[in-house]
Amino acid sequence: MKTLKLNSKPYYIRKKNLNTITMVVIFPYEYDDKHSYELDLISRIVNNSSAMYPNERDFKKEYLKRMIIGSSFNVHTYYKNLYATFTLKIPNPRLVKNFSLDDAFEFFHDMIYKPNVENNAFNEKCFIRERDFLLNTIAADEKNIYHYSYEQFLKLYDCDGHLIIRNCNDAKLLLQATPSKLYDYYKKIVLNNKPLFFVTADTDKELLLEYIDKYFNPSDEIIHINKNYVSFQNPRETVCEVEEIKNYNQSVLYMGYKVLNMRIKDLFYLNTVYAILNNKENNLIFKALRLKKGLVYSSNVGMYDNYGCIYVNCCTNSDSKEAAISTINEVFASLNDRELLETCIDNLKRSIKVKLIRVKDSRTYELDNFIDNKLESGNSLAVELNKLSRIDIDELLKFIKRIKLDTIYFLRGDKNEKD
């Protein structure tokens with residue numbers, strides 16, 4: 001297992017002509033599936049209140065009063081790694097009169113370190129409100145054909161259980177949460193933890209570091225992160241195929257694939273296949289299912305690259321099941337055509353070159369890319385382009401032969417037939 005070693009002193013990324021300051025504070029922690037249901041709840045509480053402003057209306061009012069453009073708390077997980085991420089976006093003080101860095105940094109600090117807590121537990125009224133909001137969302141999702149079919153597919157497709165618990169909302173798990181248990185977990189991942197600091201701006205670096213030091217007092221420690229991002233699943237020997245009939249107006253088809261003996265170095269090839277199937281430059285699945293054959297209302301290609309999983313789903317008529325399955329199989333078989341692959345890769349390279357021009361106007365691209373590079377959680381566009389320019393088609397073809405169909409799930413809507 002690789003260990004990432006990062007400095008806890010702030011990283012400063014200068015971007016010329018930037019009218020805003022963006023600061024990202026990341027708390028690395030080991031992820032445990034049993035806490036997955038708590039993360040959305042913590043996020044809603046922290047994003048909508050604090051100890052000083054326990055009422056959401058007052059919290060948002062103060063937010064605007066201090067001229068904060070944006071602040072947020074999100075959690076990103078990569079198998080066993082969790083990154084609790086706080087983001088602050090504020091005006092460049094050189095360009096906005098009456099803007100106070102003190103006011104903005106104080107609010108952001110209190111959002112992180114002084115949450116809406118009473119008696120060593122999250123405020124009960126706030127807790128119940130946010131929990132009930134999530135419970136109502138789960139109840140509504142259960143009636144939605146897209147959410148229902150997706151969760152049923154995952155229950156068949158995911159042999160290890162990690163994808164299910166991370167992506168399927170479970171009201172029973174949410175009801176196990178309490179204000180005190182939730183706060184205990186927040187203390188572990190945030191309050192008792194050492195963060196990483198990243199900031200991008202076009203302003204005096206020393207001034208910003210002074211304010212970060214004043215409010216956050218970063219240490220000189222090296223933070224060690226055990227990088228454990230992947231848990232590849234092998235395809236079954238026999239395809240799991242299930243059909244279910246429900247009282248819906250339309251039908252949904254899922255076809256899930258896994259890579260035989262997936263390795264970390266294969267991630268580039270998996271992402272390339274995903275781009276060929278789904279990105280608008282090629283979009284082989286949509287073109288085949290919708291434009292050429294008119295079999296579906298919509299289609300999508302999804303991927304869990306850290307698990308070596310890629311899937312296709314589409315909404316169709318109940319009598320189009322076999323034709324849709326056959327067409328998707330044809331598309332995957334066409335990936336063995338060298339000439340097609342070369343054309344698709346040329347399209348992808350051309351697309352990335354256009355994106356590289358566009359991101360010059362992005363306020364945070366350099367910051368996001370810098371963080372991804374430090375955490376080894378993604379590649380820059382320039383790196384992607386370089387890899388595609390040097391891709392070995394023979395190796396890609398060998399990889400494609402290891403992509404195996406694992407699961408077929410069809411939700412047959414019979415409402416129209418009954419009516």
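Not measured: the values here are computed from a predicted model. Values reported hereafter were calculated over all heavy atoms of this structure, with side chains retained and with hydrogens, waters and symmetry mates removed.
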> So how far is it from Lys15 NZ to Lys360 NZ, rounded to the nearest 0.5 Å?
Replying inline: 10.0 Å
>> Quick test of your reading: applying ring-ring contact (aromatic ring centres under 6.0 Å, His included), list the pairs with at least one residue in residues 356-397, sequence neighbours left out, ordered by first then second residue.
In response: Tyr11-Phe370
> Regarding Glu244 and Tyr148, is there a side-chain donor-to-acceptor distance under 3.5 Å anywhere?
Replying inline: yes
>> For Gly413, is there any backbone N or O sitting under 3.5 Å from a side-chain donor or acceptor partner on Ser251?
In response: yes
> Quick one: does Asp406's side chain have a donor or acceptor within less than 3.5 Å of a partner on Arg236's backbone?
Replying inline: yes
> Partners of Phe59 by ring pair (Phe, Tyr, Trp, His ring centres under 6.0 Å), sequence neighbours excluded?
Replying inline: Phe107
>> For Asp32, give me all partners under salt bridge (charged side-chain N to carboxylate O under 4.0 Å, His left out), at least two apart in sequence or on another chain.
In response: none
>> Can you list everything that forms a ring pair (Phe, Tyr, Trp, His ring centres under 6.0 Å) with Phe286? Sequence neighbours excluded, please.
In response: none
> Counting only heavy atoms not in Ile264, do more than 12 sit closer than 6.0 Å to its CD1 atom?
Replying inline: no
> Got a donor-acceptor contact below 3.5 angstrom from the Asp110 side chain to the Ser50 backbone?
Replying inline: no
> Does the Asn19 side chain pair with the main chain of Asn92, one donor and one acceptor, at a distance under 3.5 Å?
Replying inline: no
>> Checking the side chain of Lys353 only, and the main-chain atoms of Leu348 only, is there a donor and an acceptor separated by less than 3.5 Å?
In response: no
> Can you name the salt bridge (charged side-chain N to carboxylate O under 4.0 Å, His left out) partners of Asp202, sequence neighbours left out?
Replying inline: Arg14, Arg94
> Does CZ belonging to Arg363 count more than 12 external heavy atoms closer than 6.0 Å?
Replying inline: no
> Can you tell me if NZ on Lys287 sees more than 12 non-hydrogen neighbours from other groups inside 6.0 Å?
Replying inline: yes
> Which pairs count as side-chain hydrogen bond (donor to acceptor under 3.5 Å, both in side chains) when at least one residue sits in residues 38-47, sequence neighbours excluded?
Replying inline: His35-Glu38, Ser43-Asn47, Arg44-Glu130
>> Quiz question: by atom type and distance under 3.5 Å, do the side chains of Glu30 and Asn228 form a donor-acceptor pair?
In response: no
> Taking only residues two or more places apart in sequence or in another chain, which ones pass ring pair (Phe, Tyr, Trp, His ring centres under 6.0 Å) with Tyr229?
Replying inline: Tyr78
> Can you say whether the rings of Tyr254 and Phe153 are parallel (under 30°), tilted (30 to 60°) or perpendicular (over 60°)?
Replying inline: parallel
> How are the rings of Tyr79 and His162 set to each other: parallel, tilted or perpendicular (split at 30° and 60°)?
Replying inline: perpendicular
> Name the one of Leu95, Asp103, Val96 that satisfies side chain to side chain contact (heavy atoms under 4.5 Å, CB included) with Phe99?
Replying inline: Val96
> Going by the salt bridge (Lys or Arg N to Asp or Glu O under 4.0 Å) test, which pairs reach into residues 175-188, not counting sequence neighbours?
Replying inline: Asp184-Lys187
> Should Thr85 and Asn74 be marked as a side-chain hydrogen bond (donor to acceptor under 3.5 Å, both in side chains) after you check the CA-CA gap, both sets of side-chain angles, and the distance that decides it?
Replying inline: CA-CA 5 Å; Thr85 304; Asn74 295 288; over 6 Å; no
>> Quick one: does any side-chain atom of Asp305 pair with a main-chain N or O of Cys309 as donor and acceptor, under 3.5 Å?
In response: no
> Are the side chain of Gln233 and the backbone of Cys159 linked by a donor-acceptor contact shorter than 3.5 Å?
Replying inline: yes
> Between Tyr146 and Cys315, is there a donor-acceptor pair closer than 3.5 Å when you use the side chain of the first and the backbone of the second?
Replying inline: no
> Do Glu384 and Asn379 meet the criterion of a side-chain donor-acceptor pair at a distance under 3.5 Å?
Replying inline: no
>> Using a 3.5 Å distance criterion without hydrogens, assess whether the side chain of Arg66 forms a donor-acceptor pair with backbone atoms of Ala104.
In response: no
> Among all residues two or more places apart in sequence or in another chain, which pass the salt bridge (charged side-chain N to carboxylate O under 4.0 Å, His left out) test with Arg166?
Replying inline: Asp33
> Side-chain donor-acceptor pair under 3.5 Å between Ser377 and Asp372, yes or no?
Replying inline: yes
>> I'd like to know if the side chain of Lys293 pairs up with that of Thr327 as donor and acceptor (distance under 3.5 Å, no hydrogens or angles considered).
In response: yes
> When you look at Glu221 and Lys194, which way does the salt bridge (charged side-chain N to carboxylate O under 4.0 Å, His left out) test go after all the steps?
Replying inline: CA-CA 9 Å; Glu221 294 181 33; Lys194 293 288 185 182; 3.7 Å; yes
> What pairs with Asp361 under salt bridge (charged side-chain N to carboxylate O under 4.0 Å, His left out), at least two apart in sequence or on another chain?
Replying inline: none
> What residue pairs, at least two apart or across chains, pass side-chain hydrogen bond (donor to acceptor under 3.5 Å, both in side chains) with a residue in residues 203-214?
Replying inline: Asp102-Lys214
> How long is the gap from CZ on Arg390 to CG on Leu385, to the nearest 0.5 Å?
Replying inline: 10.5 Å
> Taking only residues two or more places apart in sequence, or in another chain, which ones meet Tyr53 in a ring pair (Phe, Tyr, Trp, His ring centres under 6.0 Å)?
Replying inline: none
